[in-house]
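Data block below; observations after.
Chain naming here is simple, since letters A, B, ... match the order of the sequence lines and numbering starts at 1 in each.
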2 protein chains.
Amino acid sequence: MRVRLEDVARATGVSPKTVSRVLNEEPSVKDSTRKKVLAAMEQMNYRPSPAARGLAGSRSFLIAMLYDNNENPASTYLAEIQDGVLDACDAHRYSMMVSPLRLRGHDPIRRIDALVADHHIDGVIMTPPLTDHAPLLRRLQEHGVPYACISPLHRDEAIGVCMDEQQAAKAVVQHLVELGHKRIGHIVGIANHGASRWRLQGYKDALAAAGLAFDPKLVVQGEFTFGSGVMAARGLFELAKRPTAIFAANDDMAAGVMWAANERGLKVPRDLSVCGFDDTPLATQLWPPLTTVRQPSREMGKLATLQLMDKLRGRGTGLLLQVPYTLQLRESTAKPA
Amino acid sequence: MRVRLEDVARATGVSPKTVSRVLNEEPSVKDSTRKKVLAAMEQMNYRPSPAARGLAGSRSFLIAMLYDNNENPASTYLAEIQDGVLDACDAHRYSMMVSPLRLRGHDPIRRIDALVADHHIDGVIMTPPLTDHAPLLRRLQEHGVPYACISPLHRDEAIGVCMDEQQAAKAVVQHLVELGHKRIGHIVGIANHGASRWRLQGYKDALAAAGLAFDPKLVVQGEFTFGSGVMAARGLFELAKRPTAIFAANDDMAAGVMWAANERGLKVPRDLSVCGFDDTPLATQLWPPLTTVRQPSREMGKLATLQLMDKLRGRGTGLLLQVPYTLQLRESTAKPA
DNA sequence: TCGCCAATTGACAGCGCTGTCATTTCTGGC
DNA sequence: GCCAGAAATGACAGCGCTGTCAATTGGCGA
C-alpha cells in the first residue's frame, strides 16, 4: 500500500526514529547514515504523511496567507502574491491555505484562533493592510505563530519584504517634472495604508526636489478603486487651474483618471499626463498604455515566504528585505501642451 | 490544553465513538443523544483536529482547486472562483488547497499523484481548460478522487456548474443585430476551450437567426489575451469591408479591440461597436464601458464546490447545474454610423 | 588498557481520532 | 410477557509519525 517511514527504516536497517531524524534534518545523524536513508527514501519514493506528522509532532507544514477581502488592493495583486507564495511552498514541501479575512463586520481574531486551533498553522504571510492590524499581530504573537509581512507600514520589527515605494513614487513624479509639468495632481489611496503614505510622501519629495510648491488642492483622497479614481479626477478637473498631470497612487485609480478624462473630452497624454503605480495587467490594456511603477509582487510573495520559512527553522537572519522597483514609461505621459 | 473528542464524551457521559458519530453526522445516533453531544461540543468549544481525523479516517476534509497557470483565463476570473470555493469550504468545515498546474512543460499527472499521496485530497475542483484534460481526469478517477467541474467542455458525464454560454453569446450578438449591425466580426478564444466553441457557435446562431450570412473572413483566431485581441482587431480593420461591430470572446480581447480601434483612430462606439464576455472588472474600467455578458464566477465556484461536497457525502443528486447569465449593456455598443 | 563524555541510535508511548466488531438496548409481534 | 431482529452504543486497536529518555558506540586522555 503506502510506503511508510517504518518501511524505509527496515530497508535501511535503522530505527524509525533515525529515519524521522533524517526527514527533519536533525543534525545528530552520522553522515553515512543520512546518505543511506535519503537514498532509500528516494528509491522507495517515500512521502511522509502530513497528517501523521502534524498529529505527532509540533509542526503542521502549513502556512496561511491572510488577506483582506473588503479593502483589498486589486485582486490581480493578490493573485500574483499568491503565486509567489505557492512557488516558495512548493520548494520547501509546505502547503498553503488562503484565508480571506473580512475586517469589516467579521471578527478577524476569531478567524486566527480557528486557523491555529484547527490547523496548527506553522506561520502566516500577511498582506497589506493586514500587516498593520495591531490586534491581529498581537494575537499571532500570543499564539506563538511567526509571520512575514509584505509591505508592512511599520518596518522596524517586521520580517518580510518591502519596496522603496517612496523613492519609486518620487521617481515617477520626477519623470513628470522632467517632461515639464508644473501642476501635478495626486490621488491618494486608502488612508493609513502604507502604500498611500509612502506614495504621497514620494510625490511631495519630488515636488520639493524640483522646487515646486506643494498645493493641497492638487491632492485628493481616493481609495484605490477605479471608481474613486474617477471621482477624484472629476474633482481635479473642476479646479480653476487644472493640473496638467496626475499621479494616481495605483493603476486602478489611474484608469479611473483616464476614464474621467475621456468623459470630459480631455485627450491623454496631449491634454493630461497620467501615471499610476503597481504595473498591473490593466496598465498595458488601457489606451494609451499607462506609465507606472512595476512592483514585483510575485517575487515579493516568494521572498516573504522564504523569509518566513527561514524563521520557522530558526535560521532567521532577516528582517525586511527590499526589492527594487522599475519605472515603466509608457504613452500616458508626455510634455504638457 | 486542547479540548478533545474524549473530553466531550466524558462531559456527555457517552463513549468517544458516539461523539465521533455525531461529528460525522452518522445516522445511527439517537436524536436525544445527538442533541446532548452537540450541545456539549458547542459549550466546550470543541474543534476536531483535522490531522487526527485525516490520519485515523479515510477523509482529509481537504479539497484542491486545480487551475492552469499557463493558459489561464484572466486571473480575476480565477480569483473570483477561488473566493466562491472558499465560501463553500468555510460553510462545510473543509479546507482548500490551491494547486496551479503548468500544463506545458511540467507533468500534471505527477502533481495529481503528489496531491493524493501527500494530502489524501478528498476531492478536486477543476477549472477550464483542465476540465477537459482527459489524462488528468482519468488519473483522478484511478485514484478514486471525485471532482467537480466549472464550465467543462464535455457536459454529459461531468458534475459541476456551467452557464449557457452559447445562448449568452447569441444574445449579445442579437443585441448588435438589433442595433442594426450587418457586418459583425468575432474574435475566437483559444482553440478547444469550451468557452471558445460555445461563444463562436452562439455568434453563428445569432447570425443565422437574423438571416445574416456567415463570413469566415470576419472570424479571427485569438487566445483570450489582450494582445491577441489587438492583433485580431488589426486584422479585421484591414478588411476591404470593415466590420461595424466586433464581438470578442472575452473582455480582455475586447479591451484589445478597443485599444486597436484607438490606435487606428476609430471612435467606439461611433465607428465601431465592441462587446466582450465575462464582465470582469476591466469591463467597467474601459472607456467607453464595455457591453458584455456577466458570468457569476464566484457563485459558480461556490456551487461547484457544494456539488462536490454532496458527492463526497454520497448525497450526489446532481450532474451539471446551470447558472443564468446576464447581459450587461453599456456604452461600447451603439447603432452603426 | 580503562573510564568518561559526546555523538549516535533506539525503544516506546501516545498525538486525537475512526474502523471493526462486539455488546447492549429497544422495538414490535405473538 | 417473551423473543427475534433492528437500533444504538461501546471497547479496542491502530492510523504514521515524533517526543522523551534510555542505550549504545566511538574517541581520547590518563
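Of the candidate nucleotides C/dG16, C/dG19, C/dT9, C/dT9 has the atom nearest to the side chain of A/Val29. If you check D/dT18, C/dG16, D/dC17 against the side chain of A/Ser49, the one that comes closest is D/dC17. Considering only side-chain atoms of A/Leu55, the nucleotide from C/dC17, D/dG16, D/dT18 that sits closest is D/dG16. Comparing D/dG16, D/dC15, D/dG19 by their nearest atom to the side chain of B/Ala56 picks out D/dC15.
A salt bridge (charged side-chain N to carboxylate O under 4.0 Å, His left out) with B/Glu26 holds for exactly one of B/Arg34, B/Arg21, B/Arg313; it is B/Arg21. Tested against B/Tyr94 for a side chain to side chain contact (heavy atoms under 4.5 Å, CB included), the candidates B/Leu308, B/Asp122, B/Val85, B/Thr305 yield a single pass: B/Asp122.
In this structure, A/Glu26 places its CD atom 15 Å from P of D/dC17, rounding to the nearest Å. Atom CZ of A/Phe61 is separated from atom C1' of D/dT18 by 10 Å (rounded to the nearest Å). Between B/Leu5 atom CG and D/dG14 atom P there is a gap of 20 Å when expressed in whole angstrom units.
For the pair A/Arg53 and A/Phe61, the cation-pi test (distance below 6.0 Å, angle within 45°) is passed.
In this model, no side-chain donor or acceptor of A/Arg21 finds a partner on the base of D/dG19 within 3.5 Å.
Dashed line: the shortest gap from a side-chain N or O of B/Ser28 to OP1 or OP2 of D/dA7 is not under 4.0 Å. For C/dT18, the OP1/OP2 oxygens have a side-chain nitrogen or oxygen of B/Ser20 closer than 4.0 Å.
Residue A/Pro48 is classed as a sugar-phosphate contact, given heavy-atom separations below 4.0 Å to backbone atoms only. Using a 4.0 Å heavy-atom cutoff across all strands shown, A/Lys17 reaches at least one base atom of the nucleic acid.
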